[in-house]
Amino acid sequence: MSSRNHMAPFAVNIDLNTGHIGPPARALTRRLSDLRGLFCDEAAYSALTAAGDPVVYEVYEVRVPEEDGHLLSCTTIIHPGQVGREYFFTKGHYHLSEPRAEIYTCLRGEGYLLLGNREGESRSIVMIPGVSAYIPPYWAHRTLNTGSHPFIFHGVWPGDSGHDYGSIEQAGFPLRVFEERGRPAVKASAGPC
Ligand code: M6P
Ligand code: ZN
């Protein structure tokens, strides 16, 4: 019998202030040095990495099997910050199994969800508390914090999705968001930067 037939129902608690999940979830911390080559301003990137290598975001994932039939879920906390004028963001990914969708719901703070597909289409969705965004199959997704407090969202996606980071690392994300005159400005971006 596979493990999915024997799993008992359970619940977790999400701290809506911090985004932390209890009982303790699998935690992942990404520092600026983990995002090499992704930001446009390489001089600012090198300076910030050398001057303390800040935590850009944390992910707290509920432990369930990464299998067809299960739903994975996590919170992501993106800290406020910029590399040059570009806001702190997640690596961004396609699903390895591309026909897999995902839902992001903003719990706290403010930011953007950026989406792009292999046909060259792109979209951006403003994320504020209560906004629940649907990421259809085949769309790459990246989130970023445009505020001065942590931006916290909850994500749910199929257990057999997987993460493909290579496509974004090689081609870059088709949209980028920079601070311009104190406000976020979404720009089309060709190539890695
Ligand atoms: C969301 C989900 C996770 C993802 C996280 C960080 O919470 O999509 O699967 O890991 O964001 O994004 P990334 O993996 O692109 O760094
Ligand atoms: Zn995803």
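Only a predicted model underlies this, so the values are computations on that prediction, with no experimental measurement involved. Atoms within a ligand are numbered from 1 in the order they appear, just like the ligands themselves.
Between W157 and ligand 1, a contact under 3.5 Å exists for no N or O pair. Annotation: G92 places an N or O atom under 3.5 Å from an N or O atom of ligand 1; distance criterion only. The distance criterion of under 3.5 Å between nitrogen or oxygen atoms is not met by T75 with respect to ligand 1.
Across R30, H141, H93, E58, heavy-atom proximity to atom 13 (P) of ligand 1 is greatest for H93.
If you check which protein heavy atom lies closest to atom 12 (O) of ligand 1, you get T90 CB, 3.7 Å. Summary of contacts: the protein heavy atom closest to atom 7 (O) of ligand 1 is T76 OG1, 2.6 Å. Closest to atom 1 (C) of ligand 1 among all protein heavy atoms lies Y104 OH, 3.3 Å. Of the protein's non-hydrogen atoms, the one nearest atom 9 (O) of ligand 1 is H163 NE2, 2.7 Å. Considering only non-hydrogen protein atoms, atom 14 (O) of ligand 1 sits nearest to Y165 OH, 2.5 Å.
Around the Zn ion (ligand 2), the protein contributes the following N, O or S atoms at distances under 2.8 Å: H93 NE2, H95 NE2, E102 OE1, H141 NE2.
Of all heavy-atom pairs spanning Y60 and G19, the tightest one is CD1-O, 4.3 Å. Residues L144 and L114 come closest through the heavy atom pair CD2-CD1, 3.5 Å.
Salt bridge annotation for K187-E180: present, with a cationic side-chain nitrogen under 4.0 angstrom from a carboxylate oxygen. Ion pairing between a basic and an acidic side chain is recognised when a charged N comes within 4.0 Å of a carboxylate O; E179 and R85 show no such pairing.
Identified under the ring pair (Phe, Tyr, Trp, His ring centres under 6.0 Å) test for residues 114-135, with sequence neighbours left out: none. Listed by first then second residue, pairs satisfying salt bridge (charged side-chain N to carboxylate O under 4.0 Å, His left out) with a partner in residues 87-116 read K91-E169, E98-R118, R100-D160, not counting sequence neighbours.
Residues L35 and V56 form a side-chain contact, since some pair of their non-hydrogen atoms from C-beta on lies under 4.5 Å apart. Two residues are said to be in side-chain contact when any heavy atoms from C-beta on lie closer than 4.5 Å; L72 and E66 meet this criterion.
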Please list every donor-acceptor pair under 3.5 Å in which a side-chain atom of residues 42-50 meets a protein atom from a residue at least two apart or in another chain.
from: Y45; atom 1: OH; to: L32; atom 2: O; distance (Å): 2.7
from: Y45; atom 1: OH; to: R36; atom 2: N; distance (Å): 3.2
from: S46; atom 1: OG; to: E42; atom 2: O; distance (Å): 3.0
from: T49; atom 1: OG1; to: Y45; atom 2: O; distance (Å): 2.7

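Residue E102 has at least one heavy-atom neighbour below 4.0 Å for each of these atoms of ligand 1: 2 (C), 8 (O). Those atoms of ligand 1 with a heavy atom of Y57 less than 4.0 angstrom away are 6 (C), 13 (P), 16 (O).
Relative to the ring axis of F89, R142 places its NZ or CZ within 45° and under 6.0 Å from the centre.
Between H141 and H95, the side chains place a donor N or O and an acceptor N or O closer than 3.5 Å (distance only, hydrogens not considered).
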